[in-house]
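Structure below; questions to follow.
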Amino acid sequence: FHSFMSQSYKFIVNGSIHDPYAGITAIISPLMIPYVNNIVQLSPRILEVSISAQSGTMHVIGIYAPHSGLSLDQVRVPFWDQLQDHVAAIPQPEPWYVIGDFNLRLQGRLPTDHQVLGPHIFGKGHLKANTSLHSNRTLYMHILHALQGKDLMSFKTGRLLRQITYKEKTPSAMTWSQFTSEPLIIQQVFDKLFFPTGEVGLELATCVRSFLTSAPLPKILPSSPTLDPKLFQSLDRAFTAGKWLPSALTIRAYHHYGFPSDHFPVEMTLRVKLAQQSRCPRPKRSLAYPNNENDPRLLEFHQSFRTYFNP
């Protein structure tokens, strides 16, 4: 992991060279930096930022849950157990919120879910819910019941369209129009692009070459989802303890920013009063994170990032 500053924003990058599927980053605005109490990196998949509020310390935990294709005993169960143990150890008066990519599809609400899930769930219906003992949905239900938690999106997001956070994988593109209709066009070059033989394949290869050699790269067009659970799903979620449910005002996905991913950005809005700034200087906490601000690779990334989004 490492940290760096960019345009006054603090980036905490958390990952692992041993797990290519893991990685999570926290970006802290300059207005919030003075209120940050601590940053805890539990694993390449769990990152906590604690913030000073008038009522005490507030804990925001970002997660990237392992997908269902990874090992149950070696990866998935240890992840959910570690998350549960960490949240359970937070002092009772202090509010906490867990948000991120949960890599699960609720599909619907079962009678046994009413204590932890609200009435608003986008999916194929409860009959399609994967309730097997080894499913990610079952692991999520277990931690909600154990922590007396509430799934925020099912309680707070009545408009189902705003619950859509993910575009399902589609078959490999056979034409340029199919290729450009996907939100993450660069990834398709390596993962999903198939060149047919003959003139059709030559035309597609010519279009791909023209796209990749253009500078700056063309902007990603916004993708407008539809209420079709075969094409879209809600993988990114958030939950908190039941007593803190009223403090969460909204949680919703945004679909019209042309975000270069098969996931859509998700925003959670909380009602919180930050701690008053003391007249006495606060003690500086030493966060021993490697600082790579002068790394030429990082500078090159900043420049290409700004060029791409602000041509």
Determine whether V75 and L83 fall in the same hydrophobic cluster, where Ile, Leu, Val, Met, Phe, Trp and Tyr are linked whenever their side-chain heavy atoms lie under 4.5 Å apart.
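No: no chain of side-chain contacts under 4.5 Å links V75 to L83.
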Y166: ring-ring contact (aromatic ring centres under 6.0 Å, His included) partners, not counting sequence neighbours:
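Here the qualifying residues are H263.
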Other members of the hydrophobic cluster containing L31, with the 4.5 Å side-chain heavy-atom rule, please.
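Under the 4.5 Å side-chain rule, L31 groups with nothing.
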Side chains of P66 and R45 in contact at under 4.5 Å (non-hydrogen atoms)
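Yes, side chains in contact.
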Is L127 isolated, or which residues cluster with it under the ILVMFWY side-chain rule of less than 4.5 Å, directly or via members?
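Members other than L127 - counting any ILVMFWY side chain reachable under 4.5 Å - there are none.
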Considering residues at least two apart in sequence or located in another chain, which fulfil the side-chain contact (heavy atoms from CB on, under 4.5 Å) criterion with K273?
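Partners of K273 by the side-chain contact (heavy atoms from CB on, under 4.5 Å) criterion, ordered by chain and then number, come out as Q54.
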Cut-off 3.5 Å, side chains only: do S50 and T57 have a donor facing an acceptor?
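T57 and S50 do not have a side-chain donor-acceptor pair below 3.5 Å.
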Cationic N near anionic O, under 4.0 Å, E168 to R105
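Between R105 and E168 there is a salt bridge, with a charged N closer than 4.0 Å to a carboxylate O.
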Name all residues meeting the side-chain hydrogen bond (donor to acceptor under 3.5 Å, both in side chains) criterion together with E94; count only those two or more places apart in sequence or in a different chain, and write none if there are none.
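Expected list: H59.
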Would you mind telling me which of H126, H145, R137 makes a side chain to side chain donor-acceptor pair (under 3.5 Å) with D113?
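When H126, H145, R137 are each tested with D113, the side chain to side chain donor-acceptor pair (under 3.5 Å) holds only for R137.
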Can you name the side-chain hydrogen bond (donor to acceptor under 3.5 Å, both in side chains) partners of S135, sequence neighbours left out?
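S135 satisfies side-chain hydrogen bond (donor to acceptor under 3.5 Å, both in side chains) with T138 only.
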Going by the rule side-chain contact (heavy atoms from CB on, under 4.5 Å), which residues pair with P30 if we only count those two or more places apart in sequence or in a different chain?
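side-chain contact (heavy atoms from CB on, under 4.5 Å) check on P30 returns S8, Y9.
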Is it the case that E48 and Q41 place a side-chain donor and acceptor less than 3.5 Å from each other?
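There is no such pair (donor and acceptor under 3.5 Å, judged by atom type) between the side chains of E48 and Q41.
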Kindly give the cluster partners of L249, where membership spreads through any ILVMFWY side chain lying under 4.5 Å from a current member.
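So far as hydrophobic clustering goes, L249 is joined with none.
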What pairs with S154 under side-chain hydrogen bond (donor to acceptor under 3.5 Å, both in side chains), at least two apart in sequence or on another chain?
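Scan of S154 (side-chain hydrogen bond (donor to acceptor under 3.5 Å, both in side chains), adjacent residues dropped) gives D151.
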Just do the side-chain contact (heavy atoms from CB on, under 4.5 Å) check on R237 and L106 with the steps written out, would you?
CA-CA 10 Å; R237 317 195 64 83; L106 291 177; 3.4 Å; yes
Expected output: side-chain S52 to main-chain N37 donor-acceptor under 3.5 Å:
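No; zero donor-acceptor contacts below 3.5 Å.
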Sorted by first residue and then second, give each side-chain hydrogen bond (donor to acceptor under 3.5 Å, both in side chains) pair with at least one member in residues 64-78; sequence neighbours left out.
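Sorted result for residues 64-78: R76-N136.
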Taking a hydrophobic cluster as the set of Ile, Leu, Val, Met, Phe, Trp and Tyr residues connected by side-chain heavy atoms closer than 4.5 Å, whether directly or through intermediates, do I46 and L235 fall within one such cluster?
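The answer is no; the residues belong to distinct hydrophobic clusters.
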Would you please name every residue forming a side-chain hydrogen bond (donor to acceptor under 3.5 Å, both in side chains) with Y21, sequence neighbours left out?
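If we apply the side-chain hydrogen bond (donor to acceptor under 3.5 Å, both in side chains) test to Y21, skipping adjacent residues, there are no hits.
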Partners meeting side-chain contact (heavy atoms from CB on, under 4.5 Å) with Q148 (sequence neighbours left out):
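Scan of Q148 (side-chain contact (heavy atoms from CB on, under 4.5 Å), adjacent residues dropped) gives none.
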